[in-house]
Visitor: 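The structure follows.
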There are 2 protein chains.
Amino acid sequence: MNIGEIARQAGVSRSTVSYVLSGRRTVSEPTRRRVQQVIDELDYRPNASARALKEGRTRVLGLVIPPAAQRLTDMQLGFVASVVEAAAEADLDVLLSPSGGDHDRSFERMITGRRVDGVILMEIRLEDARVARLQQTRLPFVTIGRTAHADDTCWVDVDYATLIGRCVHHLADLGHRHVALVNRSAELVAAGYGPGHRALAGFNTAVAERGLSGTDVCCADDAAAGEQCVQRLLVTRPEVTAIATLNEAALPGIGRGLERAGRTVPKDFSIAGVAARHWAEDFRPPLTSADVPATQMGAHAVELLRERIATPDTSPRHLLLSPPISLRASTGPVPPAR
Amino acid sequence: MNIGEIARQAGVSRSTVSYVLSGRRTVSEPTRRRVQQVIDELDYRPNASARALKEGRTRVLGLVIPPAAQRLTDMQLGFVASVVEAAAEADLDVLLSPSGGDHDRSFERMITGRRVDGVILMEIRLEDARVARLQQTRLPFVTIGRTAHADDTCWVDVDYATLIGRCVHHLADLGHRHVALVNRSAELVAAGYGPGHRALAGFNTAVAERGLSGTDVCCADDAAAGEQCVQRLLVTRPEVTAIATLNEAALPGIGRGLERAGRTVPKDFSIAGVAARHWAEDFRPPLTSADVPATQMGAHAVELLRERIATPDTSPRHLLLSPPISLRASTGPVPPAR
DNA sequence: TTGTACGCGTTATCAT
DNA sequence: ATGATAACGCGTACAA
């Protein structure tokens, strides 16, 4: 089923059919109707490859996700879903590439085969080979998260440094003097994962500003690790009365660990964090946290990318989000010294 | 950068370059090397649209996911990740469409625009408009899950009826006489979501076979709903001593609800389920469950779809999985009557 | 090894 | 003001 077939059955030329479709030229009403009827009857839709070939654009966005080996986190999933949704809203499709480093076949296919009009990258490292690779090409791209030197790229990110800092200040206001940061996994931090580094920086700054004693520990992204981590922490740093964390997947374990150790939240121990809302709300008691707006971030990323595709030569735009902390029930005044 | 440019710089014809690329004709070694060198220097990669147009296939698979409105479950995410991974393994790309019903723009684009060589559908209803729509077209497709009359389609599914039945038999073997099924959400079941219906059927059959008393309740897919659900259940059916469930997202809440009610698992109360392994392992105590192999299912779906694309006219293959129940720590002998 | 037709939709240009 | 013709985008594969 192609445009020539429609033209034949409607008794017009191929270009007329094309003009009926695009509306780029006026076509006499009777002709238009006749052509449209044949189109409807045969349920004709132009071949996307032919159109892309001619127009020089595919109406497809690429989305690079972390390889499935490391199970995607809830937040990453939120990004994927919201990107796809926002793209669909704009009649754009999304092509997925599961790629960790560069030199990845699917990544290379995506960016060199002119399959996509632009790329959204997530799970960005401070030094990221994929970003470097994309900068070599002329392909517009936007990152969710940012590299260490991201002034000349387009990105949307959460300001983990500020948010973790705010958590610390909130805890300090409540009288806590000994606080701990439960960071993301050691591997992730070692690999230069931005949020981990920036959260630590923000933590250290705030701790210094308030004259607190601060400890930071890495913790794998799952409940079991969270539980172990808390157990160890309570032994090695018994003076700690509050935790700040960006490790949402560890939260259930952190809660369990405290419970097992006989600490009641928030009476004996406080927790504040940066997490997706449903993690915060599912925590018992509900977690005081800055809720990461994953859904909006995906939508923003698509918006920035569309701009960039439309006008590639304007200076890159950024978006650094710091959602306010929602006071819930997991933080309270420091308990009297034992 | 196109094939003509490469040909010019290498001093050969376009077809020669094409043959060097595809290897479908032997090219003299010196020529081949010269061409290859130019290709490498210019980092040339054929235009995917042009190739798709000529070859009549895109090397892209479509994956239809539920719209993001209802947050994707962990298991759905597992499917997506494993499909993408398996496709990448076979040098295929994946195009995503977030579509609930039919008549969805992105769904229609995908299947009528010849953008994809085949489609994988998930979150299948017993009566599914998208399946009907796909059957009208000639496009090969595979479903994860199956409709009520799925003999002539290609699918891979988990045998929820059998697995929930096995849970019930296991609980009956331990002496439990009053068991409850915690199903997926009422909306999902009302919409004809297959697993919900089949789990209920399997539950009823097994309950009847063993002469037990059975109750079934629907429960939204989150922890809070699970907690409420258990609270209500313990009040309305105080005789119940065991739960079978396929609602993994409700598990943390179910655990909390039992704890609040003073029931210890597995001493006072048993739970068995069908869930992704990490949900089972994160449960306290670890959940006795049939672990849904989401990862393999995605890979199987891709495999079946590739077969179907290669040989569209063979009779459709199915794959009904019933993974064994892993005994963990959440089931035990029925407690003595109070 | 090369020339060339083909796949299909778009659009500039020419004809009516 | 409409409709028709033809070139173009790019890679593939058959005929020469």
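This is a predicted model, so every value here is computed, not measured. Chain identifiers are assigned alphabetically (A, B, ...) following the order of the sequence lines, protein sequences preceding nucleic acid strands; residue numbering begins at 1 within each chain.
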Visitor: Which pair of non-hydrogen atoms, one from B:Leu53 and one from A:Ala50, has the smallest distance, and what is that distance?
Guide: CD1-CB, 3.7 Å

Visitor: List the atom of A:Val302, the atom of A:Val83, and the distance in Å for their closest heavy-atom pair.
Guide: CG2-O, 3.6 Å

Visitor: Between the two ends of the helix from C:dT1-D:dA16 to C:dT16-D:dA1, what is the bend in degrees, rounded to 10 degrees, where each end axis spans five pairs?
Guide: 60°

Visitor: Kindly give the heavy-atom pair with the smallest separation between B:Pro98 and A:Ala88, and that separation in Å.
Guide: CG-CB, 3.9 Å

Visitor: Counting primed atoms plus P, OP1 and OP2 as sugar-phosphate and everything else as base, spell out the protein contacts along nucleotides 8-15 of chain D at 4.0 Å heavy-atom distance: B, S or - for each nucleotide, 5' to 3'.
Guide: BBBBBBBB

Visitor: May I ask you to decide whether A:Asp117 forms a salt bridge with A:Arg59, counting only side-chain N to carboxylate O separations under 4.0 Å?
Guide: no

Visitor: I'd like to know if A:Asp93 and B:Arg109 make a salt bridge, using a cut-off of under 4.0 Å between side-chain N and carboxylate O.
Guide: yes

Visitor: Between A:Arg133 and A:Asp128, does any side-chain N to carboxylate O distance fall below 4.0 Å?
Guide: no

Visitor: Identify the two heavy atoms, one from B:Ala52 and one from A:Ser49, that lie closest to each other, and give their separation to 0.1 Å.
Guide: CB-OG, 3.4 Å

Visitor: Please name the pair of heavy atoms, one in A:Glu123 and one in A:Arg130, separated by the smallest distance, quoted to 0.1 Å.
Guide: O-NH2, 3.0 Å

Visitor: Would you mind checking if A:Asp152 and A:Arg317 are paired as a salt bridge, meaning a charged N to carboxylate O distance below 4.0 Å?
Guide: no

Visitor: Kindly state which residues belonging to residues 29-37 of chain B come within less than 4.0 angstrom of DNA chain C, counting heavy atoms of the residue only, listed by number.
Guide: B:Thr31

